[in-house]
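Contents: one structure, followed by commentary.
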Amino acid sequence: MSIKQKIQELVTRMARLHAGGGEKAVEKQVASGKLTARDRIRTLLDPESFHEYDLFVEHKSRDFGMAGKELPGDGVITGTGTISGFPVCVYAQDFTVAGGSLGLAHARKITKIMDHALKLGVPLIGINDSGGARIQEGVNSLAGYGEIFYRNTLASGVIPQISVILGPCAGGAVYSPALTDFVFVVDQISKMFITGPEVIRTVLGEEISMEELGGARVQAEISGNAHFFAENETQCFEHIKRLIAFIPWNNRKQADAFPPKPPRPDRPVEGIVPPSAHEPFDVRDVIRAVCDDSDFFEVQEHWAANIVVGFARLKGRSVGVVGNQPQVLAGVLDVDAADKAARFIRFCDAFNIPLVTLVDLPGYLPGVDQEHAGVIRHGAKILYAYSEATVPKITVILRKAYGGGYIAMCSRHLGADFVFAWPSAEIAVMGPEGAANIIFRREIAAAADPESMRREKVREYQAKFANPYIAAAEGHVDAVIQPAETREYLIHAIEVSQHKDEVRPRRKHGVPPF
Amino acid sequence: MAETKNGSAKETRLDEAELARLHVDGADYRTRLTRKYALRPRYERRDPRLVRAFIPGEVRRILVAPGQRVQRGEGLLILEAMKMQNEVTAAVDGVVRRVAVGSLQKVAKGELLVELE
C-alpha cells in the first residue's frame with residue numbers, strides 16, 4: 001500500500017467514526033432541538049481549535065450481543081481546544097451512539113482527558129447527554145462512574161470544572177456534575193434526577209413529568225443543582241465563554257486581567273438604596289454601578305435569590321461579589337442562601353479571586369421549616385467559608401447589618417481585610433424595633449399610650465445605634481465612605497492586597513458543616 | 001422565572017404589585033417572596049394517636065383490631081415500601097379506635113393508617 005493509500009484509509013476510517021450513530025440517530029437528535037456532540041464542541045471552542053483524541057477507542061464487551069457491535073468513539077468525544085484563546089480539556093457524550101451510554105471504554109476516555117486537564121492545569125468542560133450506565137457492561141459501567149467521581153474530587157479546587165447538561169443525566173451519572181464547580185442547563189433539554197418519573201410513579205404512586213421533576217427550570221430555581229440557565233444551547237455556550245474569561249486556568253494562577261473600563265451608571269450610586277431600612281432595592285444595581293463596564297455575571301441567578309453571587313471586574317481584575325438582595329425575602333439569610341454563598345466563596349478562595357461583600361440584611365429567616373431544615377448547620381457554612389478564605393476580603397455595609405447577619409457577612413471578625421460602611425449603615429445587635437421592644441418592655445407596657453411610647457423608644461434607639469459610627473469607633477469598620485467613593489475604595493483595597501499571603505496552621509483539611 | 005439580567009446596565013425596576021411584607025425581628029420589610037418560600041410546608045403539631053404512613057407503600061398485613069389495647073412500640077401493621085416490610089408501631093399506649101386502611105391497600109405518604117385513643 002502506498003502512503004497515499006494509507007492516508008486515504010485513515011480518512012475513510014475517520015469519516016465513518018465522525019458520523020457517530022448514523023444519519024437516522026443524528027436526525028432524531030437535531031429534531032429534538034439539540035446539536036450533535038461534535039457540533040456542540042465546535043460551537044463552544046474557538047474555530048479550528050479542537051483536537052480530538054481516542055477516536056479509535058473500542059469497547060471490549062462480549063455479553064448480551066455486544067460482541068462486534070461498532071460504537072463510534074464508544075459514545076464520547078474527547079480532546080483539547082481553546083475558548084477565546086484559553087486552553088481547555090473537553091468531552092462530549094454522543095447520544096446518537098448507544099444513547100451516549102457509559103461503558104468502561106467510554107469512561108476511560110473521560111478519565112484520561114480529566115487526567116490531562118489536571119496535569120496541564122487547564123479547565124475541564126464535560127458535556128453530558130447520556131441515557132446512563134451501559135447495562136450490558138454491568139459493574140464495569142459502575143466502575144467507570146466511580147473513577148470519574150474520584151477524579152472530579154481530586155481536581156476540585158485545582159482546576160475549574162464545568163458541567164454542561166444537554167440531555168438526560170440521570171441516576172448515578174448526575175453525581176459527576178454535582179461534584180463540579182458550575183452546572184449549565186438549557187430549557188427543555190436538560191433533565192437531571194436520581195430516580196426518574198417512572199420509578200416514582202410505580203413505587204410512590206406520584207405522577208410527575210420529567211420536566212417537572214428535574215428539568216432545567218427546576219434545577220435552576222428550586223433545587224439549586226444548576227448554576228446557569230439558558231434558553232437554548234447557543235446561549236448556554238455564550239455563558240460558558242463569559243465564565244471562562246472571569247476565572248483562572250488553575251489554582252496557581254490569577255484570572256487574566258482585562259483592560260479597565262469605567263461603569264456605565266444610569267443614576268448616581270447614592271440614589272439606589274432607599275433611606276428607609278424597610279424598603280427594597282436591587283443590590284445588582286449597586287454592583288453594576290461600581291464594577292467595570294457595569295458588567296456583572298451572575299451565578300445561580302434564579303435560586304436563593306435573597307442572596308446574589310457572581311463575577312465582576314474592578315479596574316480589569318476579576319472579583320467575586322456576594323450581596324444580600326433586599327428585594328427578595330428582604331435579603332435574609334436562610335438555608336439555601338447560606339449554601340449558595342458558601343459554595344461561591346470557596347470557589348473564589350480556591351481560585352485566587354478576591355471577594356467583595358455588600359451587606360444589607362435584617363438577619364436570618366424565621367420559621368419552623370428553616371429551623372427543622374437545619375438553618376443552624378447550613379447557616380454555619382457561610383461563617384466557615386468566609387473565615388477560611390485567605391483571598392483579599394473587602395466588605396461594604398450599605399444599610400442594615402444586624403446581629404448574626406452582621407457577623408456572617410464577612411465582618412472584620414471573620415477576617416475581612418477592609419470593612420467600609422456607607423453613612424446609611426445601621427450596625428447593631430438587632431433592628432431598632434426588636435431592640436426597643438426588649439430593652440423598653442416595661443416602659444412601653446406601663447405607658448398610657450403604649451404604641452406611641454414604643455415609637456418613641458424605637459426612635460431613641462435608632463438615633464443612638466442605627467448608624468455606622470459606633471462600629472467605626474471600635475475599629476470594626478475601617479472607614480465610613482460616601483457611596484460615590486465605593487468603586488475607588490474597592491479598587492484601592494484590591495490593589496494594596498495584591499500580595500496578601502495569609503498562612504494558616506497546617507492541616508489535612510478542615511471539617512466544614514457540609 | 002425572571003428574564004436574565006446578565007450584562008445589562010439597565011436598572012431593574014421593582015414591580016410594586018409583587019411586593020409583600022416579611023416580618024423579621026419586630027420589623028416589617030417590603031420585599032418579594034420566592035416561590036419556594038410561598039410553597040414551604042406549614043408546621044403541624046403531630047398527634048401521636050393518629051398513626052400515618054411515613055412512606056408511601058402497600059399495607060401487607062394488619063396486626064390489630066378495633067378495641068384492642070396496644071402498648072407503646074407494639075406493631076400495628078406491616079407497610080411494604082421500597083421492597084422492605086416495615087412494621088408500623090404505636091408511639092403511645094392506647095386502644096385501637098379505628099383501622100383506616102385495608103390489607104393490600106396502597107397508601108400515600110402521610111395517609112392515616114390507624115387511630116388510637
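Order of the sequence lines sets the chain letters (A, B, ...), proteins ahead of strands, with each chain counted from 1. What you see below is based on every heavy atom in this structure, not just the backbone, and it leaves out hydrogens, waters and symmetry mates.
Side chains of A:Y402 and A:E426: a donor-acceptor N/O pair is present below 3.5 angstrom, by distance only. The closest side-chain donor-acceptor pair between A:E433 and A:H278 falls under 3.5 angstrom. Between the side chains of A:D187 and A:N232, no donor-acceptor pair is found at a separation under 3.5 Å.
Using modelled atom types, one side-chain atom of A:Q325 and one backbone atom of A:V283 make a donor-acceptor pair closer than 3.5 Å. Of the possible donor and acceptor atoms, one in the side chain of A:K340 sits under 3.5 Å from a partner among the backbone N and O of A:Q300.
With a 6.0 Å cutoff to the six-membered ring centre and a 45° limit on the axis angle, B:R21 does not count as a cation-pi contact of B:Y29.
From A:E238, atom CD reaches atom CZ of A:R242 across 10.0 Å, with rounding to the nearest 0.5 Å.
Below 4.5 Å, heavy atoms of chain A meet heavy atoms from B:T34, B:R35, B:K36, B:Y37, B:R40, B:P41, B:Y43, all part of residues 34-45 of chain B. Contacts with chain A (heavy atom to heavy atom, under 4.5 Å) involve these residues of residues 55-84 of chain B, listed by number: B:P56, B:M82.
Of the listed residues (A:G310, A:P362, A:G431), the one with the most heavy-atom contacts under 4.5 Å to chain B is A:P362. The candidate from A:N437, A:I438, A:D369 with the greatest count of non-hydrogen atom pairs under 4.5 Å with chain B is A:D369. Between chain B and the residues A:P263, A:A330, A:A277, the largest count of heavy-atom pairs under 4.5 Å involves A:A330.
The shortest side-chain heavy-atom distance between A:E298 and A:V308 falls under the 4.5 Å cut-off. The side-chain heavy atoms of A:D334 and A:Y364, taken from C-beta on, include no pair separated by under 4.5 Å.
Heavy-atom distances place both the backbone and the side chain of B:L33 under 4.5 Å from chain A. Neither the backbone nor the side chain of B:A108 comes within less than 4.5 Å of any heavy atom of chain A. For A:D336, the part lying near chain B is the side chain, with the backbone staying farther off; criterion is any non-hydrogen pair under 4.5 Å. Only the side chain of A:P366 comes within contact range of chain B, with heavy atoms under 4.5 Å apart. No part of A:V458 comes within reach of chain B, as not one of its non-hydrogen atoms sits under 4.5 angstrom from that chain. Heavy atoms of B:D25 lying under 4.5 Å from chain A belong to its backbone as well as its side chain. Looking at A:V328, both its backbone and its side chain come within 4.5 Å of chain B, counting heavy atoms on both sides. When heavy atoms are compared at a cutoff of 4.5 Å, A:I272 does not approach chain B at all.
Ion pairing between a basic and an acidic side chain is recognised when a charged N comes within 4.0 Å of a carboxylate O; A:D295 and A:R264 show no such pairing. Using a cut-off of 4.0 Å between Lys/Arg side-chain N and Asp/Glu carboxylate O, A:D292 and A:R313 are scored as not salt-bridged. Between A:E460 and A:K457 there is a salt bridge, since at least one side-chain N of the basic residue sits less than 4.0 Å from a carboxylate O of the acidic one.
Using a 30° and 60° split on the angle between ring planes, A:F297 and A:F228 fall in the parallel class, below 30°.
Aromatic ring centres of A:F258 and A:F246 lie farther apart than the 6.0 Å criterion allows.
Atom CZ of B:R30 has more than 12 heavy atoms from other residues, nucleotides or ligands within 6.0 Å.
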